[in-house]
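These numbers were taken from a predicted model, which means no experiment stands behind them. Each chain gets a letter, A, B and so on, in the order its sequence line appears, and its residues count up from 1.
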Amino acid sequence: MPQMNMLQAINSALDISMSEHPLACIFGEDVGHFGGVFRATSGLQEKFGKHRVFNTPLTEQGILGFANGMAAAGAPAIAEIQFADYIFPAFDQIVNESAKFRYRSGNEFNVGKLTIRTPYGGGIAGGLYHSQSPEAYFAHTPGLKLVVPRNAYQAKGLLRACIKDDNPVIFFEPKRLYRASVGEVPEGDFEIPLGKAEVVSQGSDVTVLAWGAQMEIIEQAAKMAKSEGISVEVIDLRSILPWDVETIAQSVRKTGRLVISHEAPITNGFGAEIAATIQEECFLHLESPITRVCGLDTPYPLALEKEYIPDALKVLSAIKNSVHF
Amino acid sequence: MPQMNMLQAINSALDISMSEHPLACIFGEDVGHFGGVFRATSGLQEKFGKHRVFNTPLTEQGILGFANGMAAAGAPAIAEIQFADYIFPAFDQIVNESAKFRYRSGNEFNVGKLTIRTPYGGGIAGGLYHSQSPEAYFAHTPGLKLVVPRNAYQAKGLLRACIKDDNPVIFFEPKRLYRASVGEVPEGDFEIPLGKAEVVSQGSDVTVLAWGAQMEIIEQAAKMAKSEGISVEVIDLRSILPWDVETIAQSVRKTGRLVISHEAPITNGFGAEIAATIQEECFLHLESPITRVCGLDTPYPLALEKEYIPDALKVLSAIKNSVHF
Amino acid sequence: MTNPNNVSLNISHELSFIGAHALDIPTVSLLNSDGTLHSDATDPNIDQDTALRIYKTMRFIRALDERMQAAQRQGRVSFYMQCLGEEAAVTASAAALKDDDMIMAQYREQAALRYRGFTLEQFMNQMFSNKEDLGKGRQMPIHYGSQELHYMTISSPLGTQIPQATGHAYSQKVPHIDASTGELSSEINNVTMCYFGEGAASEGDFHAGLNMAAVHKAPVIFFARNNGYAISTPADEQFAGDGIASRGVGYGIKTIRVDGADALAVYAATKEARALSVKTGEPILIESIAYRLGAHSTSDDPSGYRSKEEEANNTDCPIARFKRFLLNQGWLDEAQDDAEDETLREEILNALKVAEKIEKPPLEDLISDVYDTPIPSLQRQYDALKEHIKAHPQAYPVTAGRIK
Amino acid sequence: MTNPNNVSLNISHELSFIGAHALDIPTVSLLNSDGTLHSDATDPNIDQDTALRIYKTMRFIRALDERMQAAQRQGRVSFYMQCLGEEAAVTASAAALKDDDMIMAQYREQAALRYRGFTLEQFMNQMFSNKEDLGKGRQMPIHYGSQELHYMTISSPLGTQIPQATGHAYSQKVPHIDASTGELSSEINNVTMCYFGEGAASEGDFHAGLNMAAVHKAPVIFFARNNGYAISTPADEQFAGDGIASRGVGYGIKTIRVDGADALAVYAATKEARALSVKTGEPILIESIAYRLGAHSTSDDPSGYRSKEEEANNTDCPIARFKRFLLNQGWLDEAQDDAEDETLREEILNALKVAEKIEKPPLEDLISDVYDTPIPSLQRQYDALKEHIKAHPQAYPVTAGRIK
Ligand SMILES: Cc1ncc(C[n+]2csc(CCOP(=O)(O)OP(=O)(O)O)c2C)c(N)n1
Ligand SMILES: Cc1ncc(C[n+]2csc(CCOP(=O)(O)OP(=O)(O)O)c2C)c(N)n1
Ligand SMILES: [Mg+2]
Ligand SMILES: [Mg+2]
């Protein structure tokens, strides 16, 4: 199997998707000839033509409005938002339109063919507006699916599933890993099912859960914990909506403990939903409170980013507190 | 004390605020001569002039952009979004701008003088787009304050506090109660502090928590529970951000049980944050899982609204399940 | 414009500003108020069938609007919006399209849907959100939609359909593009028709939709209904340019302004716009000028914000004008028309009585269509709700009896 | 326009479209490339002090840009954006303002801030996000701001400052309105200056900001920097109208297009715009045409998206042109100027070396300014963080030693 980094894996998933459907289009700011500011769409305009892979004017609400209309016409619409921090001008088109299109029309119309790709997350000295992890803003919206890959392999398989899924999906790409995550990825087509978490490594003392770039951090914390004699079950949630309650609950029934970690600010992040649901599902099995290790409740900082982020040391302390409660 | 309905109470708070500061302005769609589609700003243009109380063009992002600029200039900017369902085009201006203005500038600039008023909530046969309760979408945003009054008295006192507070605040008005909630409200100025929940009635078996229009529902459920011998402590959260962890935790430490109810869809609603925090704060005191009685995870429906809403019967069952766990 | 900044290249050494209203934009009108063509007007040569179809659609909508306005006053429906004054703008523009051109409307365009053949029963079922409603009873009255008739279901948030129409139209163009040259290889089959009010044109989505359509040459017709008001907000508190038409040049979009109470002018302009658009792919902006003769909706009373004088000066009925044209042409028998109108009004009342008695959608429809298939958490919520309703059937009379 | 639809009233009976580029918009240029005034040009009669202040600002910014671009290549700062080619557009427009007119810029307008007196140290402290940075080290390099200098802190999301500038300007007008007549009772003290790129002008916020300014007559100058590119996207994939200036008429805003590499033209146009605006309250749109001579930022390489030929055809240096003017006027001594430039470049390097060594902001600044005072939950998070850092000082070397 060839080695690919995450950008190559994404590019490959896009390439296959464009070949699959003659009406499929990829569009967004700078995605055309330039191939996107991170080069995820590199080479695709040359291959599929300027009419199918193109730059848009600089308007996120327009990109999503355009994408909704294209998807409503039955064509796969693959829209890129250059940074997840800039998805908010499109919030109305996503939350009030994409998510509600099928329901409000009684299934006369739908935008199931819509996929939104957007790089998210911190750790790149990006400050307030090149670091946000806005998944929780969308998680309160029935009608959307939300997916976050943790590495190159997952990125290709999950993105293909997102594009083929008949619902509007937002695919959050951990930009810190774009070039850093390299691994074996099949050249050909494959899919990883949406809505299923993955137990990345088994353990018995505590369940630790994250998604996307944060997986690297919790895996590191799990290793540190192991050296202190704590056995951690590491889970990658992968899909935020729908999310895999059963896999998490099963793990927590076994370990009796849960630590959730995400980069976004703690208050009303998606960790809140997981904690709320799991304390109910596993009430009689919990041996310590469910803990969240997350970003602080501030905008994303720059100079003090290291202090801000939920790093492995912070996750490790939470693991220890949970086990020694 | 005079009797006022909630609209009159709001109007009175606005009137006092406009008199207080010569640069204060009220603006939004149809708020001018017409006095707003619900008439909350009725009579104010006549009193303070067309230059201080005025209609805007139909653009929510513009209203909030304009409001941010005015507040940054040091003038109290009181913006109305006609329905909370239409606040999403302004999401970027609120979440990326208002909330981060002070932080990103190192306090060189701030929009503390911004207040956003918007009618929210269901129960008025409004369907998808005249019924939403979007508070949780904003609750994940450090820098904002969020406030919801439950009756006319609270509306006046809290709105005055919002306008005087030196941070951007969203004031969600339960439109179902605009005319229905009538009570004694002081003619003159008074304030109710932000960030403080109120124990509306004391009880010992279970704590039931809500905010805004949903308070009426849980009070009704508490009465029904009482007739079945269950003693309910009823709490009005009042402020979503910052929220009063201490008052809730204290109550739950006493009752050992918590039921949270809100109109918005359950997944990642603000109930999730409360449950996540309280299971951690009160882990050793909880005698049953924290339960949420909320809207279903669908867009807000019309014909089957009665089935959809978290009504008193559903809250009552949750209370009973919690007590008999 | 072949320079990097994409601007015209004439240089001036004199400091002078372009006037705030530098364009002179006329309103195209073809029919006199007496139903005769202006002497110097371009005759659009409308055929008798089309003309009668337009007329009957307008007459139907007027009757429906009057009946439903009254029904709302009686408390039989919760909400209604009339098209009064804008029937010609909507109907004649829809008539200039092919019946399978997608229409993406705002909400006051029921006449376009009727023109396509939406039945009286379908209108009623939607307004009573009963189980026969194509929309499954989920939206407020007047939020119609029909896949079969290529009429996108109405969405309340204003302006959102504008960039959507651009994307929709663009997608229809894609198969007609020669990948090697980037040029059109054939005429495009369909345009997308996008209606919106002069109020909604203030939304950011308007800007995005028109700009993207111009840049990407999407075959979309932007039909701005300037009826003078957005609820209570008059047009001069909505914009300071010369109507909506003055914006066309800012996007590089060919534009025309028409008298929206003149069915012939609207028909002719839209037909020409469509012909241009399918040939070149380019979007066209049409601004229709007609006064909103009625209230914004049943929730409002315009006497609170507009004067009796203004209302008295603006009473132009587009149906009456077009009727005079038809009578002049000898295409209409007035007595027969009156009789048909009478019958129609009875049919409407009867249909209303039928629709209001049809039961509401079943409980399943509370959760279907959120996704293509319900996700597990929603299915669990639904199962719990079913149990709850079964335990308290008296509290949920609409659905309790029908739960399986 | 005194009719309910707020449109001009001329009627036409002929079906014809307004052309997509119906306006003829010239570019105002005053200075020849040799630094002489065009023979038929309006002389703005700039005074020597202002001219020299403009020149020295431009020279400073050019030196700073070159130094910081290199510093980024050396890995000393993470990011930088040059103003190359647009120095005259930014500096001369700022020079036409009063120093206490608020400037709300996009990010490439460091020259305006320098013109106001932002010190070399202040620039450096921001770029190194050290504890002396007015912004407390929270934003990426080049996100400057200064309350004292009336320069609103830069915000990365594009276009957001446009409607904000409208609201800000409107608020400055309020005290000058006579409540009884609604008219201005005196000249307005200040305008608000709003800079943005031709790319950002595609955002919905642009539409909202300009429309609201026109309707509410807010004294704001919209200064569109059309430099041909938005990162890699060329202007002809950004809009299809004639530049940004063609949009003015759509909002009813007086508009002018200037040669942005011509400091005199920019100065004259902005001065005139300001004078109009403080008198009437009305907004003005200025489009500046200048080519982005450099890369978008240090993160990009334009050779991937624009041709060598194009770059070779666009090399107009605004500083050189203005320098020739100054020399012609006899206001500048070239040898002295060269020497000053030399010294300046050394000062910049030294300041960089100082700033990069100043320590980062203290831990408190991680949570201050989220609110006016920290809310309880954030205070708890902070306390926990402090304990954590105290327990692991080696992992947080930047702050650990300074925690109280
Ligand atoms: C985004 C959004 N904001 C506000 C509203 C509330 N609203 C409904 S109709 C309307 C006025 C629309 O006026 P216009 O576009 O001129 O259409 P008309 O009613 O005149 O046909 C408003 C403000 C809405 N539906 N959507
Ligand atoms: C809302 C938003 N979308 C996207 C971006 C990413 N971005 C930063 S600069 C830029 C191009 C801006 O071009 P233009 O407005 O022409 O200004 P210029 O760089 O040419 O001065 C883009 C797309 C952003 N900062 N904000
Ligand atoms: Mg209107
Ligand atoms: Mg540019």
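Contacts of Leu363(C) with chain B are made by both backbone and side-chain atoms, with heavy-atom separations under 4.5 Å. When heavy atoms are compared at a cutoff of 4.5 Å, Ile389(C) approaches chain B solely by way of its side chain, counted from C-beta outward. For Ile266(B), the part sitting under 4.5 Å from any heavy atom of chain C is the side chain, from C-beta outward, and nothing else. For a residue to count as touching a neighbouring chain, one of its non-hydrogen atoms must lie under 4.5 Å from one of that chain's; by this rule Pro362(C) touches chain B with the backbone only. Only the backbone of Ala200(C) comes within contact range of chain B, judged by heavy atoms closer than 4.5 Å.
In this structure, the side chain to side chain contact (heavy atoms under 4.5 Å, CB included) partners of Ser246(C), at least two apart in sequence or on a different chain, are Ile25(C), Asp242(C).
Looking only at heavy-atom pairs under 4.5 Å with chain B, the residue among Leu378(C), Leu158(C), Val398(C), Ile367(C) that has the most is Leu378(C). Looking only at heavy-atom pairs under 4.5 Å with chain C, the residue among Ala303(B), Pro265(B), Pro57(B), Gly126(B) that has the most is Pro57(B).
When all heavy atoms are compared, the tightest approach of Leu313(B) to Ala395(C) is CD1-CB, 3.4 Å. The shortest heavy-atom contact between Leu302(B) and Gly137(C) is CB-O, 3.4 Å. Residues Leu366(C) and Pro301(B) come closest through the heavy atom pair CD1-CG, 3.5 Å.
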With 3.5 angstrom as the limit, list the donor-acceptor pairs from chain C to chain B, or say none if there aren't any.
unit_1	atom_1	unit_2	atom_2	d
Gly137(C)	O	Ala303(B)	N	3.0
Glu203(C)	N	Leu58(B)	O	3.4
Gly204(C)	N	Gln61(B)	OE1	3.4
Ser232(C)	N	Asp30(B)	OD1	2.9
Ser232(C)	OG	Asp30(B)	OD1	2.7
Thr233(C)	N	Asp30(B)	OD1	3.2
Thr233(C)	OG1	Asp30(B)	OD1	2.8
Glu237(C)	OE1	Asn55(B)	ND2	2.8
Glu237(C)	OE2	Lys50(B)	NZ	3.2
Gln238(C)	OE1	Leu58(B)	N	2.7
Gly304(C)	O	His33(B)	NE2	3.2
Gln381(C)	OE1	Asp297(B)	N	2.9
Gln381(C)	NE2	Asp297(B)	OD2	2.8
Tyr396(C)	OH	Asp311(B)	OD1	3.2
Tyr396(C)	OH	Asp311(B)	OD2	2.5
Thr399(C)	OG1	Glu307(B)	OE2	2.5

